[in-house]
Visitor: 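Below are the structure tokens for one structure; questions will follow.
Not measured: the values here are computed from a predicted model. The sequence lines fix the lettering, A, B, ..., with proteins before strands; numbering per chain opens at 1.
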2 protein chains.
Amino acid sequence: MKNKKTTIHDIAEELDITASTVSRALKDHPRISDATKELVVKTADKLDYQPNHIAAALRKGKSNIIGVIIPMADRNFFASIIRGVEEVVNQAGYRVIISQSNDSPEKEKANIKALLESQVDGILASYAKETTEFSHYEEIVNQNVPLILFDRLHETLESLKVSSVVINDYLGAYKATEHLIEQGYKRIAHFSGQQHISIYKERRRGYEEALKRHNIPIDESLIVESNLKLEAGRELGKEVLSWDKLPDAIFSASDYGAVGAMEVLKNNGIRIPEDIGIVGFLNESFTSFVEPALTTIDQHGEKMGQISAQKFLDHMDGEKNNYAPSKTVLNPELIVRKSSLKEKK
Amino acid sequence: MKNKKTTIHDIAEELDITASTVSRALKDHPRISDATKELVVKTADKLDYQPNHIAAALRKGKSNIIGVIIPMADRNFFASIIRGVEEVVNQAGYRVIISQSNDSPEKEKANIKALLESQVDGILASYAKETTEFSHYEEIVNQNVPLILFDRLHETLESLKVSSVVINDYLGAYKATEHLIEQGYKRIAHFSGQQHISIYKERRRGYEEALKRHNIPIDESLIVESNLKLEAGRELGKEVLSWDKLPDAIFSASDYGAVGAMEVLKNNGIRIPEDIGIVGFLNESFTSFVEPALTTIDQHGEKMGQISAQKFLDHMDGEKNNYAPSKTVLNPELIVRKSSLKEKK
DNA sequence: TTTGTATGTGCAATCGATTGCGCAATTAAG
DNA sequence: CTTAATTGCGCAATCGATTGCACATACAAA
């Protein structure tokens, strides 16, 4: 019922030439006459020829596929990254394979293995939170497969000398905190994340530095650590309420934590931003809808994806000559909304 | 500097046997002695052997890769679907290539072509809104590549006799509307989407049917059509305010439209749910955060992805014997939140 | 001992496209 | 009218793994 797929050999036979010539004609090789090219193209069309990328990939040792490893796809930020990556690499003829680690080191390891076996031409990755041992990443580098890291970075990974794209978490936190200070808040609490993850460490550093610069003493009791999920935010909200003296502002290292706390605080009669100002981090889509709209830090996910992809392409171009890994640090953007506007104009 | 990758031939040479035997040993072929198998595995390990899927794919005519086409990755619902698909097919040894159409028929066409050329073993797709001509989908079927449609369906596509997974939009809308009626709302407006897209047509039908069943006359002037984006919702909010007589409830076929309108209404002193009750559709993550939290319809994206993936696997299994395409209709779930709770307990 | 059935491997073709090298034929240069 | 350069195309190997078929040895049944 289904006739076999047509190959360059079928075209060759039809025209009484060889497959080599067909192959060259289709690729517009200069040593093939225009007449032949035209004939080949026409016949290919007639026979519904469809190139088999797998065969080409095998022969050329290049699959034109790249792998992207993210913790999870249904998180706005990572989804935006995928979008950005796709836009750029598709243009250059690459396809994208997505793998999710779910923040599990085992899945991450398995994913990398599978991608490598699939002969991907490169891997863009954001490592799983729980990963502490990075030999599977070394393996990528050892196999000479371009590796680009985005969003999350780790000392061990940095020593791999690969390109990376991250945002300046320190600066984002600094901007956020400074904004609160400028709005007249003084007793600013900080919802922080696990300190072994650099982004959270950096955000905390930015927070502390902003306080220092403005001569506000750092009060350790105002800094609390959690996984920063929505539920954790609610817990923290309750915790804050139990404090002897309430803070007059909160800078949360994640929007979820901020929104969770906001909910609890509001339910307990605390007015935002009058009583307590709140700033989040991530610019999740919902932050503009919550009441009051949440001031936050935008990470430019799509752009991060685009730049990561571009670095990969540069790597491929520079292969022959030389390619020096580079680290790009994006500047996050403070998005001011109602939740932190104490001063009324 | 980089030693060539090791192949089964290298292993064969090392052990003075042939590549055939190595290949079989690695696949645990029954005709290979345990002794040899052990030797092969050990040597493979020693030489850091890594199978080349591309070579296997070429020979076997099976890439173990499937393509997923979605309108856009940075939409919560589609991201969830990807997550669900991945979970299921990874288990079965497949990888997933994502392509986004951005709702453009041209990109969709190009994506399908590229996926086919990549020799994917199957394609799961949600077609682009603007697509009106479906020959590229027919092409998939003609090439005997399993095609599973999810979320969006179209008459022409249904005639292709492929499997599909959709939600019962009619029922979702019916539930939403009935819920409003039960809450005591009587003058219920409907924010509808483009009627040539079946999901919007179905939602409207559900809305109308619920009214009928409850003996509420359908008032065409209460039904407005838009693209249902956030901005459109704001516009509609304004439009509603200009009506002679305000509705006492709104059922929006999309959360964005609902939230946009809610914002405008609130800003104009309208109380929700006291003055106007609102129900959305999609259960976007932000709906639980907005003030008041939005009652909406959940579409079970992850489950939809899982089922689609399972259908694909079934298709592959049934290939030899027989495979009958099936259509699964998921029942959406009404998530009741504050925005529609007129009755106070 | 003879015939028969497992058991363990090797041979060689194959999947489809690519590419270095070689050889004619055509054209340009001297 | 040679010699040299250019143009156009075919030959055959190659990428790495898979697999139908053949073949030899071993062991069992008769």
Side-chain angles (χ1 to χ4, degrees), chain A residues 2-41 43-44 47-65 93 116-121 143-144, chain B residues 2-41 43-44 47-65 93 116-121 143-144:
Chain A
K2 288 314 172 199
N3 16 336
K4 278 258 162 273
K5 288 176 189 169
T6 91
T7 72
I8 52 171
H9 292 92
D10 300 325
I11 300 177
E13 199 175 359
E14 179 92 5
L15 293 174
D16 243 318
I17 55 180
T18 60
S20 332
T21 304
V22 174
S23 173
R24 292 189 174 108
L26 288 173
K27 297 196 59 182
D28 208 21
H29 187 108
R31 295 286 275 280
I32 301 293
S33 73
D34 290 343
T36 311
K37 282 179 188 168
E38 196 180 340
L39 262 179
V40 168
V41 170
T43 312
L47 300 182
D48 270 326
Y49 170 69
Q50 183 179 87
N52 183 327
H53 284 353
I54 297 227
L58 176 60
R59 175 62 227 247
K60 298 202 288 191
K62 186 165 180 305
S63 63
N64 272 318
I65 293 180
L116 254 16
E117 291 180 352
S118 295
Q119 315 295 119
V120 294
D121 292 338
Q143 293 197 25
N144 248 353
Chain B
K2 288 314 169 200
N3 15 337
K4 278 258 163 270
K5 288 175 190 169
T6 92
T7 72
I8 52 172
H9 292 92
D10 300 325
I11 300 177
E13 199 175 0
E14 179 92 3
L15 294 174
D16 243 320
I17 53 179
T18 59
S20 329
T21 305
V22 174
S23 173
R24 292 190 175 105
L26 289 173
K27 296 196 61 185
D28 206 23
H29 187 108
R31 296 287 275 278
I32 301 292
S33 73
D34 290 344
T36 311
K37 281 179 187 168
E38 196 181 339
L39 262 178
V40 168
V41 170
T43 312
L47 299 182
D48 269 327
Y49 170 70
Q50 182 179 88
N52 183 327
H53 285 353
I54 298 227
L58 176 58
R59 176 60 227 252
K60 298 203 288 190
K62 184 164 181 307
S63 62
N64 271 313
I65 292 179
L116 254 16
E117 291 180 352
S118 294
Q119 314 295 122
V120 293
D121 292 338
Q143 292 197 24
N144 248 352

Visitor: Any side-chain heavy atom of B:T43 within less than 4.5 Å of one from B:V22?
Guide: no
Visitor: Does any N or O donor sit under 3.5 Å from an N or O acceptor when you compare the side chain of B:R59 with the base of C:dG16?
Guide: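 Looking at the base of C:dG16, it does not pair with any donor or acceptor on the side chain of B:R59 (distance under 3.5 Å).
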Visitor: Whole Å only: how far is the NE2 atom of B:H53 from the P atom of D:dA17?
Guide: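 In whole Å, D:dA17 P lies 11 Å from B:H53 NE2.
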Visitor: Can you find a heavy atom in the side chain of B:H53 that is under 4.5 Å from one in the side chain of B:N64?
Guide: no
Visitor: Between the side-chain atoms of B:S20 and the base atoms of C:dA12, is any donor-acceptor pair under 3.5 Å?
Guide: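 Yes, a donor-acceptor pair under 3.5 Å.
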Visitor: Taking the side chain of B:I8 as its heavy atoms from C-beta onward, which of D:dT7, D:dT18, D:dG16 lies nearest to it?
Guide: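 Comparing D:dT7, D:dT18, D:dG16 against the side chain of B:I8, the answer is D:dT18.
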Visitor: Nearest to the side chain of B:T36 - C:dT9, D:dA17, C:dG16?
Guide: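 Ranking C:dT9, D:dA17, C:dG16 by closest atom to the B:T36 side chain puts C:dT9 first.
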Visitor: Among the candidates D:dA17, C:dG16, C:dT19, find the nucleotide nearest to the side-chain atoms of B:A56.
Guide: D:dA17
Visitor: If I take atom CG in residue A:D16 and atom C1' in nucleotide D:dG10, what distance separates them, rounded to the nearest angstrom?
Guide: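 Taking CG of A:D16 and C1' of D:dG10, I get 13 Å after rounding.
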Visitor: Return yes if a side-chain donor-acceptor contact under 3.5 Å exists between A:S20 and A:S23, otherwise no.
Guide: no
Visitor: In whole Å, what is the span from the CD1 atom of B:I11 to the P atom of C:dG10?
Guide: 14 Å
Visitor: Could you state the atom-to-atom distance from CD of A:E13 to C1' of D:dG10 in whole Å?
Guide: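 Rounded to whole Å, this separation is 16 Å.
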Visitor: Find which nucleotide of DNA chain D each of B:Y49 and A:I17 is nearest to by heavy atoms, and output the residue with the more 5' nucleotide.
Guide: A:I17
Visitor: Under 4.5 Å between any side-chain heavy atoms of B:S118 and B:I65, yes or no?
Guide: no
Visitor: Report yes or no: is there a donor-acceptor pair, N or O only, under 3.5 Å between the side chain of A:R24 and the base of C:dG20?
Guide: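 Side chain to base: pair present.
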Visitor: Does A:S23 put a side-chain nitrogen or oxygen below 4.0 Å from OP1 or OP2 of C:dT18?
Guide: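 For C:dT18, OP1/OP2 do have a side-chain N/O of A:S23 under 4.0 Å.
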Visitor: Could you state the atom-to-atom distance from CZ of B:R31 to P of D:dT25 in whole Å?
Guide: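 Rounded to whole Å, this separation is 16 Å.
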Visitor: Are side-chain heavy atoms of A:I32 and A:V40 found at a separation under 4.5 Å?
Guide: no
Visitor: NA contact type, B:S33, heavy-atom cut-off 4.0 Å: base, sugar-phosphate, or nothing?
Guide: sugar-phosphate
Visitor: Whole Å only: how far is the NZ atom of A:K62 from the C1' atom of D:dG16?
Guide: 19 Å
Visitor: Using a cut-off of 4.0 Å on non-hydrogen atoms, how would the nucleic acid contact of A:H9 be classed: base, sugar-phosphate, or nothing?
Guide: base
Visitor: Rounded to whole Å, how long is the line connecting atom CG of A:D28 with atom P of C:dT18?
Guide: 13 Å
Visitor: Do A:N52 and A:T7 come close enough that some side-chain heavy atom pair is under 4.5 Å?
Guide: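 Answer no - side chains too far apart.
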Visitor: Hey, is the side chain of B:T7 poking within less than 4.0 Å of OP1 or OP2 on D:dG16, counting only N and O atoms?
Guide: no
Visitor: Between C1' on D:dG16 and CD on A:Q119, what's the gap in Å once rounded to a whole number?
Guide: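 Going from A:Q119 (CD) to D:dG16 (C1'), I get 9 Å.
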Visitor: Under 4.0 Å, counting only non-hydrogen atoms across every strand here, what does B:I54 touch: a base, just sugar-phosphate, or nothing?
Guide: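 It contacts nothing in the nucleic acid.
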Visitor: For B:T21 and B:L58, find the nucleotide of DNA chain C closest to each by heavy atoms; which residue's nucleotide sits nearer the 5' end?
Guide: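 Per heavy-atom nearest nucleotide, the more 5' residue is B:T21.
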